[in-house]
Amino acid sequence: MHSLPLFLDPASVRCVVVGGGEVATRKLRTLVEAGVDCRVVAPTLHPELAQLVDEHSLDCERRPFTADDLKHVNLVIAATDDKGVNLEIHRLAIAAGVWINAVDDANHSTAIFPSIVNRDPVTVAISTAGHSPTLARRLRARVETMLSSGIGRLALYLGEHRPSVNKELADTSLRRDFWDSVLDGSIPDLVEAGRIQEADEVFEDSMRGVRGSQRQGFVSLVGAGPGNPDILTVKALECLQRADVVYYDNLVSDEVLDRIRRDAKQVYVGKRRGIKGVAQQLINEMLISDALAGLRVVRLKGGDPLVFGRGGEELQALKSTDINFEV
């Protein structure tokens, strides 16, 4: 990754905006709306920026920037129309250990403002590491169409119920499966439609059904195709995102492996020239052992898993032990 994505608590950010033009106004508005503690330093102010300062009673000093302006802050926005001044701010910020966003200058920024899709408390931030703000804006437009206006209400609803679910379901794997089932069911539509009482009834029914139950293991035999992650089926992606453990061979591309849930265990069981691979019987036993332990298992194979992939042998082994599976 070219950038490390972080979501910061606005209350922990202390920012100085250097510059008084339209660009500084846009940055300041974003920061103020997020609840960041800001002050402004600029010889002159754009009328909209002056209005923003007055509306939010911000500290503002109408003078040129000095090194002392970096004291007691952890973020500086260099938004002047003088490149030399911006470069000097960058030099001083690096020396002081202060994050800097130099507007339209990714090479002299340690922090970059992403394109934001705001469905508070759901926030999606998109960045191209400063390479193409236009592309980031286009991607933001796509995400805007995907997320309903009520997705924030759903996040709040789930957050309200999270403590009780954590208390009832001590097993983290069972808990994850429960939340997946909630999001796959009718509750999201009910909450987004404002039908909270009905959602609560469905939620309680779901909790009753899972209380005291044990997690059932499951095996998914997934074909990764020729290696392009863009042509994986939706079902294949769902399997990779829900897996506890993934057994994969050497024909599976790194790009496909990158689609696996971050905390899932990945086990290489492929065969390469000059390297003795894992015996098929042992692979069958590992799949069965993990499934009997209640894990969601994915056997990930390059190409078609049933053509030269010995997937049929694995299916027979699973069937002989009455383990639930899918292809």
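Heads up: numbering here begins at 1 and tracks the sequence.
Expressed to the nearest 0.5 Å, how far CG of Asp184 lies from OG of Ser181 amounts to 7.0 Å. To the nearest 0.5 Å, atoms CZ (Arg208) and CG (Asp205) are separated by 4.5 Å. In this structure, NZ in Lys27 is found 12.0 Å from OG1 in Thr25, a value given to the nearest 0.5 Å. Note that CG of Leu190 and CG of Asp200 are 10.0 Å apart. Values are rounded to the nearest 0.5 Å. Separation of atoms OG (Ser127) and CD1 (Ile112) is listed at 5.0 Å; rounding is to 0.5 Å. Rounding to the nearest 0.5 angstrom, the gap separating the CG atom in Leu169 from the CG atom in Leu174 is 5.0 Å.
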* Asked: How far apart are the C-alpha atoms of Glu255 and Asp230, what are their side-chain angles, what is the distance that settles it, and do they pass the side chain to side chain contact (heavy atoms under 4.5 Å, CB included) test?
  -> CA-CA 9 Å; Glu255 290 80 5; Asp230 293 336; over 6 Å; no
* I would like to know whether Val219 and Asn324 meet side chain to side chain contact (heavy atoms under 4.5 Å, CB included); could you show each step before the answer? => CA-CA 7 Å; Val219 178; Asn324 294 322; over 6 Å; no
* Asked: Should Ile126 and Val143 be marked as a side chain to side chain contact (heavy atoms under 4.5 Å, CB included) after you check the CA-CA gap, both sets of side-chain angles, and the distance that decides it?
  -> CA-CA 10 Å; Ile126 302 167; Val143 177; 3.9 Å; yes
* Kindly indicate, with the supporting measurements, whether the criterion side chain to side chain contact (heavy atoms under 4.5 Å, CB included) is fulfilled by Arg26 and Val23. => CA-CA 5 Å; Arg26 291 199 302 270; Val23 174; 3.5 Å; yes
* Would Asp263 and Arg261 count as a salt bridge (Lys or Arg N to Asp or Glu O under 4.0 Å) if you check the C-alpha gap in whole Å, the side-chain angles of each, and the deciding distance to 0.1 Å? -> CA-CA 6 Å; Asp263 55 344; Arg261 185 165 61 87; 2.3 Å; yes
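Classification of the His161-Phe203 ring pair by plane angle, with boundaries at 30° and 60°, yields tilted.
Within 6.0 Å of the CZ atom in Arg63, the count of heavy atoms belonging to other residues, nucleotides or ligands exceeds 12. Heavy atoms of other residues, nucleotides or ligands lying less than 6.0 angstrom from CG of Asp81 number 12 at most. Within a 6.0 Å sphere centred on CD of Glu144, heavy atoms belonging to other residues, nucleotides or ligands number more than 12. Around the CD atom of Glu55, the shell of radius 6.0 Å holds more than 12 heavy atoms that belong to other residues, nucleotides or ligands.
A salt bridge links Arg29 with Glu48: the distance from a Lys NZ or Arg NE/NH1/NH2 to an Asp or Glu carboxylate oxygen falls below 4.0 Å. Note on Arg296 versus Asp180: no salt bridge recorded, every NZ/NE/NH1/NH2 to OD/OE distance being 4.0 Å or above. Salt bridge absent: Arg153 and Asp189 never bring a charged side-chain N and a carboxylate O closer than 4.0 Å. In this structure, Asp244 pairs ionically with Arg176, as a charged nitrogen and a carboxylate oxygen lie closer than 4.0 Å. Classification of Arg259 and Glu238 as a salt-bridged pair fails, no side-chain N sitting under 4.0 Å from a carboxylate O.
With hydrogens and angles disregarded, no donor-acceptor distance shorter than 3.5 Å links the side chain of Ser12 to the backbone of Leu8. Proximity of a side-chain donor or acceptor of Ser3 to a complementary backbone N or O of Pro5 within less than 3.5 Å is not detected. Within the 3.5 Å criterion, the main-chain N or O of Leu135 finds a donor-acceptor partner in the side chain of Ser132. Side chain of Asp290 to backbone of Leu295: no donor-acceptor contact under 3.5 angstrom is found. The backbone N or O of Leu147 sits less than 3.5 Å from a side-chain atom of Arg119, completing a donor-acceptor pair. Here the side chain of Ser206 pairs a donor or acceptor atom with the backbone of Val202 at under 3.5 angstrom. For Ser109 (side chain) and Asn101 (main-chain N/O), no donor-acceptor pair under 3.5 Å exists by modelled atom type.
Screening residues 58-81 for ring pair (Phe, Tyr, Trp, His ring centres under 6.0 Å), with sequence neighbours left out, gives no hits.
Here the side chains of Cys15 and Ile77 are in contact, with some heavy-atom distance below 4.5 Å. Within the 4.5 Å cutoff, the side chain of Tyr247 has no heavy atoms near those of the Gln266 side chain. The closest side-chain heavy-atom distance from Trp179 to Leu158 is below 4.5 Å. Between Leu28 and Val40 there is a side-chain heavy-atom pair separated by less than 4.5 Å. In this structure, Asn86 and Val18 have side chains that are not in contact, with every pair of non-hydrogen atoms separated by 4.5 Å or more. Side-chain contact between Arg175 and Asn166: present, with at least one pair of heavy atoms (C-beta onward) separated by less than 4.5 Å. At least one side-chain heavy atom of Leu315 sits less than 4.5 Å from a side-chain heavy atom of Leu221. Inter-residue side-chain proximity for Arg140 and Ile116 is flagged as unmet; no heavy-atom pair is nearer than 4.5 Å.
The hydrophobic cluster containing Ile89 also contains Val98, counting ILVMFWY residues as joined when their side-chain heavy atoms lie under 4.5 angstrom apart, directly or transitively. Ile260 and Leu251 are not part of a single hydrophobic cluster, where members link through side-chain heavy atoms under 4.5 Å apart. Leu156 and Val182 are not part of a single hydrophobic cluster, where members link through side-chain heavy atoms under 4.5 Å apart. Both Phe178 and Val191 belong to a common hydrophobic cluster when Ile, Leu, Val, Met, Phe, Trp and Tyr are linked at side-chain heavy-atom distances under 4.5 angstrom. In the hydrophobic clustering of this structure, Val13 groups with Val32; members are Ile, Leu, Val, Met, Phe, Trp, Tyr whose side-chain heavy atoms approach within less than 4.5 Å, directly or through other members.
Partner His108 forms a side-chain hydrogen bond (donor to acceptor under 3.5 Å, both in side chains) with one of Asp105, Thr110, Asp104 and no other, that one being Asp105.
The minimum heavy-atom distance linking Pro188 with Leu183 is given by the pair CG-O, 3.7 Å. Considering every non-hydrogen atom in both Ser220 and Glu326, the closest pair reads OG-OE2, 2.7 Å. Of all heavy-atom pairs between Val222 and Cys239, the closest is CG2-CB, 4.1 Å. The two residues Ala111 and Leu75 make their nearest non-hydrogen contact at CB-CD1, 4.4 Å. Nearest heavy atom pair, residue Leu49 against residue Gly21, reads CD1-O, 3.9 Å. Minimum heavy-atom separation, Ala106 to Ala129: CB-O, 4.0 Å.
With Tyr248 as the aromatic partner, Lys301 does not meet the cation-pi criteria of under 6.0 angstrom to the ring centre and within 45 degrees of the ring axis.
Residue Phe218 shares its hydrophobic cluster (ILVMFWY side chains chained together at separations under 4.5 Å) with no other residue.
For the residue pair Tyr268 and Asp249, no side-chain donor N or O sits within less than 3.5 Å of a side-chain acceptor on the partner. A side-chain donor-acceptor contact under 3.5 Å links Gln280 and Glu314.
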